[in-house]
Amino acid sequence: MLVNNIRPDDHIYPSATKSCAILGRSDIGQSIHCLVLKTGYDRDVFVASSLVDMYGKCGKIKDARNLFDEMPQRNVVSWSGMIYGYAQLGEFEEALTLFKQALYERLDVNDFTFSSVVQVCANSTLLQLGKQIHGLCFKTNYDMSSFVGSSLISLYSKCGVIGGSYRVFDEACVKNLGMWNAMLIACAQHSQTEKVFDLFKQMEGLGIKPNFITFLCVLYACSHAGLVEKGQHFFELMKEYGIEPGDQHYASLVDLFGRAGKLQEALSIIREMPIRPTESVWGAFLTGCRLHGNTELAAYAADRIFELGPVSSGLHVLLSNAYAAAGRYEDAAKARKMLRDRGIKKETGLSWVEEGNKVHTFAAGDRSNAKAKEIYRKLEELGDEMERAGYIADTSFVLREVNGEEKNQTIRYHSERLAVAFELITFPSDRPIRVMKNLRICGDCHTAIKFMSKCTGRVIIVRDNNRFHHFEDGKCSCGDYW
């Protein structure tokens, strides 16, 4: 068009910028923006909104916001583009603030807007706010949208209310593949493995073709249930659907074998992969080595990881923890020193709970909460009761070389225990306790919370960085396999 001296208009520019958004090419988008300015279309609401949307989807949130603030008139595309952009970058508070402002200005938001905001609530585990927005979706009939439905399934699942996910899924008149996948991963994360297989069969029966995400969900379920043969079957089944396994699928397969203790088989899979093993693949293998105390293979994996170049702090910590668990504290210290030398910070272990419109966050040994004295008193009372019921602290999960009493004290006040104690003294006995964590729950805390559920008669739901643990009457839904 440009070569033939045909000037773009308010229909052409949005199509071009949308293409830039899909390709993630903000550089070309900026060039188009310059042309928009030169041709005087920068004041056109449709053209400007498409540019805001493009910048937001490409992660250029400052450029998006500058343009958004300068717009004399905004529409649902510009508002939704900004909200989505903030949500994608993890700036959840700003996304919610914009959404409230859009409602205040009586903007007719659409299903894309609702989907983005519900995802914000899901990722922030803001259940009460998410429920309010679900109500608003219901009033405006956007709860019938498949995009909103997928987000709502994710919301309830990530907040530990799997029953809510089922209700949204069952009430949907039309289910797209995104909804099926959302329900599959929800069931997998809540240890409802048989339901995952049942849903997959239903999809096949309805003629719904699974995609690469579907198989990731099913492989995840197999991995966290120790179903090696079943996992292999689904991995092979991908080829029948014409899906070429990617690095994430191989990582799931390696994770499946690693968690089951089949480390040599997992290593063979890595060596025979048709694509170069990525950080996630070696990370899955390292996790298996850590779980089964094989420091020799863990060290081998670490050497291969370092060959990849800069990697996440999580992999460095995995290696350090593997050495420490085996009592090789000098090697553990070296791994941590490497973290410091590379300027990488270890992620702090945190647990948080929602009380009304407030989120209470805890770190290990934290005493900053207003109810700290009551929380620690409750833990002392529970500790005595748990010991009478047979609980013995497993201090091998304290990954430092300290004396026995100090180890006992260190492990007793992990963040998830403080969060559980807070909910025990705060909420009525008929309400399930829901705790969210950013890291994997340690083995001793897992055992301790089983005893807590038995001694208090409460249902305790803990979400760590991998899955949900439903504790009830001294048992966990994961079957102690996680």
Side-chain angles (χ1 to χ4, degrees), residues 1-3 6-39 41-42 44-68 71 74-92 94-95 98-99 102 109-120 122-123 142 145-151 154 174 176-182 185 208-217 241-244 246-249 278:
M1 284 182 67
L2 297 180
V3 167
I6 301 171
R7 291 181 63 173
D9 60 13
D10 58 343
H11 295 286
I12 300 299
Y13 280 125
S15 298
T17 51
K18 184 177 181 180
S19 298
C20 294
I22 292 168
L23 294 169
R25 293 298 301 270
S26 61
D27 54 338
I28 300 175
Q30 284 177 321
S31 296
I32 294 172
H33 188 182
C34 290
L35 191 59
V36 166
L37 289 166
K38 289 176 182 177
T39 52
Y41 277 99
D42 55 308
D44 183 279
V45 66
F46 299 106
V47 175
S49 294
S50 69
L51 285 166
V52 169
D53 185 63
M54 180 273 296
Y55 282 127
K57 287 177 178 174
C58 290
K60 300 287 185 180
I61 200 67
K62 287 185 179 178
D63 293 328
R65 189 59 190 256
N66 289 338
L67 184 55
F68 179 81
M71 289 176 69
R74 301 163 184 153
N75 63 10
V76 67
V77 175
S78 49
W79 281 97
S80 298
M82 284 304 310
I83 291 168
Y84 177 83
Y86 279 122
Q88 287 296 102
L89 292 174
E91 297 187 30
F92 301 139
E94 195 62 42
L98 268 181
F99 179 67
V109 293
N110 60 18
D111 55 348
F112 182 70
T113 323
F114 276 123
S115 177
S116 298
V117 176
V118 172
Q119 280 293 354
V120 167
N123 292 330
Y142 280 117
S145 160
S146 295
F147 299 109
V148 176
S150 300
S151 298
S154 179
V174 179
N176 66 1
L177 184 56
M179 286 192 75
W180 284 94
N181 286 343
I185 194 61
I208 299 170
K209 187 180 177 181
N211 64 1
F212 74 101
I213 295 173
T214 312
F215 281 101
L216 279 176
C217 297
Y241 282 99
I243 300 170
E244 194 65 34
D247 65 299
Q248 290 175 295
H249 298 101
T278 59

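Ring centroid separation for the pair F68 and W79 comes in under the 6.0 Å cut-off.
Expressed to the nearest 0.5 Å, how far CG of L37 lies from CD1 of I32 amounts to 12.5 Å. Residue F215 holds its CZ atom at 5.0 Å from CD1 of I243, rounded to the nearest 0.5 Å. Note: K60 NZ to L67 CG = 15.0 Å, rounded to the nearest 0.5 Å. Rounding to the nearest 0.5 Å places CG of D111 at 9.0 Å from OG of S146. M71 CE to N66 CG: the interatomic distance, rounded to the nearest 0.5 Å, is 13.0 Å. Expressed to the nearest 0.5 Å, how far CG of D9 lies from OH of Y41 amounts to 5.0 Å.
The salt bridge (charged side-chain N to carboxylate O under 4.0 Å, His left out) search around K57 returns D53, not counting sequence neighbours.
The closest side-chain donor-acceptor pair between T214 and Y241, if any, does not fall under 3.5 angstrom.
Proximity of D42 to L51: side-chain heavy atoms (C-beta onward) are nowhere separated by under 4.5 Å. Using a 4.5 Å cut-off on side-chain heavy atoms (C-beta onward), M82 and I61 make contact. Annotation: side chain of D63 is not in contact with side chain of H33 (no heavy-atom distance under 4.5 Å). The closest side-chain heavy-atom distance from Y55 to Q30 is below 4.5 Å. You'll find the side chain of V36 stays beyond 4.5 Å of the side chain of T17, heavy atoms only.
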Evaluation steps, side chain to side chain contact (heavy atoms under 4.5 Å, CB included), between E94 and L89:
CA-CA 10 Å; E94 195 62 42; L89 292 174; over 6 Å; no
Show your reasoning for whether side chain to side chain contact (heavy atoms under 4.5 Å, CB included) applies to T39 and Y13.
CA-CA 11 Å; T39 52; Y13 280 125; 2.8 Å; yes
What do the steps show when you test N211 against N181 for side chain to side chain contact (heavy atoms under 4.5 Å, CB included), and what is the final call?
CA-CA 9 Å; N211 64 1; N181 286 343; 3.2 Å; yes
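Side-chain atoms of S49 never come within 3.5 Å of backbone atoms of F46 as a donor-acceptor pair (strictly under, hydrogens ignored). In this structure, H249 contributes its side chain and F212 its backbone to a donor-acceptor pair below 3.5 Å.
Between S50 and P14, the shortest heavy-atom distance links the atoms OG-CA, 3.5 Å. For the residue pair Q119 and S154, the shortest heavy atom distance occurs at OE1-OG, 3.8 Å. The two residues G29 and C20 have their closest heavy-atom pair at N-SG, 3.7 Å.
Between Y142 and F114, the ring planes lie tilted relative to each other; the angle falls in the 30° to 60° range.
Of the candidates S151, S150, S80, S151 is the only one forming a side chain to side chain donor-acceptor pair (under 3.5 Å) with S115.
In R25, the CZ atom is not crowded: 12 or fewer heavy atoms of neighbouring residues, nucleotides or ligands sit closer than 6.0 Å. No more than 12 heavy atoms of other residues, nucleotides or ligands sit less than 6.0 Å from atom CZ of F147.
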